[in-house]
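Working notes for the structure below.
We use all heavy atoms of the structure for the numbers below, so side chains are in, but hydrogens, waters and symmetry mates are not. Just so you know, ligand 1 is whichever comes first in the structure, and atom 1 is the first atom listed for that ligand.
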Amino acid sequence: MTARIDPKRYLQLGGVAPAHSFNGSTTLAYLQSKGFGDNYLEQSRVAVGRGAGQDFVFEPGTANYCDFCARPLMGGEFDLLQDGRERCVTCSRTAVTTHEEFVLLYQEVRRNLEVIFEIQFNVGITVRMENAKTIARRTNERFEPTAGFDPRVLGFGSKTANGYELYIENGSPKLPSIQTMAHELTHIWQFRNWDESAIHAKYGARNHLFIYEGMASWAMIQYLYSTKETDFASREAAHTRARQDEYGAGFRLFEERYPIRVDGRVLRETPFKHKLPL
Ligand SMILES: [Zn+2]
Ligand SMILES: [Zn+2]
């Protein structure tokens, strides 16, 4: 016996009519109401399909930008936070709020970093959510919201007697949280694997930040491309490239030596493979 199955009608299971108890459109609506169909994975897939690696260009002065993902804000479709920051609808929806969600995300980023860059952390790292005020105080950043994109540090890492601690801003959306984790974990890798005095001897102590922040910025952007967060990656790359500080200048140095791979292929050369990266 041969049953011809039309793949478009797989629910009919070999030609049998769909079960009466199964209501396709209600099921679809139910799944969509639970967040399926428009989650960040789907958005990444759509972005990949739309053409990976196209450079994002800022249009200064013409629009407001989300302070978390740098997407232009359309009409009234955004939240104005108490401290003046503007957050787009997508970022509001993906804010990481529970501790469990946060720890799972952290574990995923750590694992991905190890795979993408062929490294091992081999060290205890405590990860904590903190409020924006504490983060700003501990990183000595000043924050003054404007209509444009207001970049700021969403976290920091520090060394303690018991290992390392990683602080990330409470309520940050998923992608900026991931990016911050990748950036700060790169610093922890640097602390563990680089000989600071050798780095200073080669590049000069006054260039410390160019080397350390340049590589951490390079790694976070390469991480985003390697995990197919192409839209967000190209916005962050454009923004970082345009920065006039050590982060921007350092990123440009690293990008020149280690061109960013936007196509998701295996990385041949990365700064993680060198004691003296440039
Ligand atoms: Zn946003
Ligand atoms: Zn940094």
Legend entry - the Zn ion (ligand 2): angle it makes with NE2 (H183) and OE2 (E213), nearest 10 degrees: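 My answer is 150°, to the nearest 10°.
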Inset, instruction - Give a yes/no answer: is there an N/O/S atom of E184 under 2.8 Å from the Zn ion (ligand 2)? - result: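 Here the distance criterion (N, O or S atom, under 2.8 Å) is not met by E184, so no.
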Inset, instruction - Could you check K273 against E118 for salt bridge (Lys or Arg N to Asp or Glu O under 4.0 Å), going step by step and ending with a plain yes or no? - result: CA-CA 9 Å; K273 303 217 160 97; E118 300 176 322; 3.0 Å; yes
Legend entry - Distance-only polar pair, side chains of Q222 and S226, donor-acceptor under 3.5 Å: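 S226 and Q222 do have a side-chain donor-acceptor pair below 3.5 Å.
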Inset, instruction - Could you tell me whether the side chains of E165 and Y167 share a donor-acceptor contact shorter than 3.5 Å? - result: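 Yes, side-chain donor-acceptor contact under 3.5 Å.
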Inset, instruction - Answer yes if the ring centres of Y212 and W218 are under 6.0 angstrom apart, and no otherwise. - result: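 Between Y212 and W218, the centre distance exceeds or equals 6.0 Å.
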Inset, instruction - On the 0 to 90° scale, with breaks at 30° and 60°, tag the H187-H183 ring pair as parallel, tilted or perpendicular. - result: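 Judged by the thresholds at 30° and 60°, the geometry between H187 and H183 is perpendicular.
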Legend entry - Within-2.8 Å protein N/O/S contacts of the Zn ion (ligand 1):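 Protein N, O or S atoms closer than 2.8 Å to the Zn ion (ligand 1): C66 SG, C69 SG, C88 SG, C91 SG.
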Inset, instruction - List the steps, then state whether ring-ring contact (aromatic ring centres under 6.0 Å, His included) holds for F272 with W189. - result: CA-CA 9 Å; F272 291 93; W189 181 90; 4.8 Å; yes
Inset, instruction - Would you verify whether the NZ or CZ of R235 falls within 45 degrees of the ring axis of F232 while also being under 6.0 Å from that six-membered ring's centre? - result: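 No, cation not above the ring by the 6.0 Å, 45° rule.
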